[in-house]
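Contents: one structure, followed by commentary.
Whatever order the structure lists them in is the order used to number ligands and atoms, beginning at 1.
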Amino acid sequence: MYSLVFVVGTRPEIIKMAPVILEAENRNIPFTIIHTGQHYDKEMSDQFFDVLKLRKPDINLGVQAEQSNEQLGNMINKLGRLLLEIAPNLVLAVGDTKSVLAACLASINNQIPFGHIESGLRSYDNTMPEEINRRIVDSVSSILFTPSQRSVVNLLYEGIDPARIHFVGNTIVDSLRIFGEKIKQDIPKAADEILKKIQRNFIICTIHRISNVENETNLKEIVESLEEIKDISIIFLLHPRTAKKLEEFNLMSQFENIKNMIISSPVDYLSILSLMKNEKCKLILTDSGGLQEEAAYLRIPCITLRPNTERPETVEQDINKLVRINKIEIINSIQQTLSDVNIKRKFDEFVFPYGDGRSSEKILNVVESNLENLSFVSPEMYSSGSKSFFLIEIKTKISRSLVENNFNCTITLVYDERGQPIPIPDELKKGYWIRVSVN
Ligand code: UD1
Ligand code: UDP
């Protein structure tokens with residue numbers, strides 16, 4: 001038998017790791033849950049373990065936000081010591097937060113295999129700490145679980161060994177499926193309390209991204225945009241970071257006085273599911289990553305208050321709009337989205353990219369069948385001196401296995417006829433280009 005360590009630190013990590021933890025429990029796999037303590041308010045952490053009926057973290061490192069680098073250093077330090085003691089076969093973490101980066105570095109530095117769930121997402125915006133975290137973690141993870149085909153391509157394009165990449169879908173779909181079942185009978189308490197105060201259709205709004213809340217001009221522009229929304233109610237689920245910044249920038253009383261808006265502290269996962277699934281919920285206005293995915297799955301139009309997203313599939317199919325922080329653009333975009341007569345057709349045509357809600361099973365199947373490959377051993381001797389890469393044009397239709405077996409190589413990247421990188425197919429067509437590493 002092997003053992004696992006799950007590292008979580010923030011709200012979305014708890015929600016997205018929950019189905020994997022439950023699946024490990026079903027399989028009787030021994031595991032330890034370590035919480036870094038990055039999120040520490042009950043509403044951002046404990047309440048999720050309670051309502052999702054998850055085993056409480058075995059260890060909470062209590063590393064709360066101090067200066068950013070200090071927090072990262074403390075997490076790595078504490079995690080490193082613990083992981084050496086526990087000596088698991090694999091450490092798993094999900095997403096792109098500081099806790100994930102710390103878990104990855106603490107594992108790899110101790111030569112303990114690290115598995116990254118939700119790997120390969122890219123916004124190509126290096127001003128986001130999350131993008132830096134994703135890139136560092138993906139480049140050194142022992143095994144990478146991707147949520148979409150697009151993320152597979154992103155990783156291949158960065159030269160990541162295809163043998164380490166496994167497309168499993170996003171575990172948020174497992175959470176939506178499993179926990180969605182639990183709200184069929186009753187409306188959870190927090191959702192019920194909010195719904196009692198609302199008669200009309202509503203927008204769910206969450207904001208917490210650094211670029212929006214640490215910037216006084218942007219935060220004020222968002223508050224003033226919300227003031228202009230008249231024909232529909234707003235449920236604003238207030239992230240603690242945003243609350244602190246509203247106070248600091250003296251915007252809190254203006255924010256609290258917005259008509260048509262109910263402000264709530266962060267609700268538990270069953271409650272937000274219940275709010276999103278309510279037929280009066282017509283729009284999600286957010287800068288959250290997870291909410292963009294959930295909106296797509298639940299067929300709720302989404303407006304993302306960011307210039308870019310690492311979930312571009314939803315934007316390409318026009319069920320999610322990127323909107324810059326400008327009052328007129330935000331208001332126009334909300335009005336257009338709410339009156340979009342084509343929205344049903346857009347959702348009907350939308351090809352949901354994030355899997356079938358069975359990602360947790362797939363992740364643990366992959367873990368079980370790859371345990372032996374995860375150990376830290378130097379690469380084989382290569383006849384060419386090192387694992388080198390060649391780019392070759394495909395002149396005739398040929399199978400992947402024939403190329404790999406006959407030429408003793410591994411195909412690491414495929415470009416289609418248009419020069420676009422694609423997931424490595426079993427059949428290679430004339431006009432493709434392949435990148436190979438010679439064994
Ligand atoms: C973090 C993640 C972000 C993720 C988000 C999910 C990083 C770099 N950022 O952002 O990717 O989308 O979590 O919500 O890891 N605070 C509290 N109570 C809490 C948690 C935070 O008061 O329970 C306040 C503290 O003042 C803290 C600030 O919020 O300094 C920011 O918290 P932090 O965890 O650093 O970043 P988030 O914005 O939550
Ligand atoms: N969420 C929640 N309660 C709330 C607000 C959000 O349970 O009051 C959930 C939401 O449904 C999603 C996740 O938290 O699953 C998103 O977390 P967040 O926006 O903090 O982080 P991100 O996804 O941007 O990293």
side-chain hydrogen bond (donor to acceptor under 3.5 Å, both in side chains) pairs touching residues 269-282, sequence neighbours excluded, are Asp268-Ser271, Tyr269-Glu294
When you check the gap from the basic side-chain N to the acidic O, do [X] and [Y] get nearer than 4.0 Å?
{"X": "Asp174", "Y": "Lys16", "answer": "no"}
{"X": "Asp96", "Y": "Arg122", "answer": "no"}
{"X": "Glu316", "Y": "Arg150", "answer": "yes"}
{"X": "Glu247", "Y": "Lys244", "answer": "no"}

Using ring centroids (six-membered ring only for Trp), state whether Phe31 and Phe6 fall under 6.0 Å.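 Centroid separation for Phe6 and Phe31: below 6.0 Å.
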Amino acids in close contact with ligand 1, where any non-hydrogen atom sits under 4.0 angstrom away: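 Contacts of ligand 1 under 4.0 Å: Thr10, Pro12, Gln38, His39, Tyr40, Asp41, Met44, Ala65, Asp96, Thr97, Lys98, Glu130, His208, Arg209, His239, Pro240, Arg241, Lys244.
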Looking at Asp348, I'd like to know if its CG atom is crowded, meaning that more than 12 non-hydrogen atoms belonging to other residues, nucleotides or ligands lie closer than 6.0 Å. yes
Donor-acceptor pair, distance only, cut-off 3.5 Å: does the side chain of Ser359 make one with the backbone of Val168?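 Such a contact is found between Ser359 side chain and Val168 backbone.
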Residues lining ligand 2 [heavy-atom distance under 4.0 Å, listed by chain and residue number]: Arg11, Pro12, Ile15, Phe48, Ile172, His208, Arg209, Leu237, Pro266, Val267, Tyr269, Ile272, Ser288, Gly289, Gly290, Glu294
Suppose we screen for side chain to side chain donor-acceptor pair (under 3.5 Å). Which residues come up paired with Arg306, at least two apart in sequence or across chains?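 With neighbours one apart ignored, the set is Asn308, Glu310.
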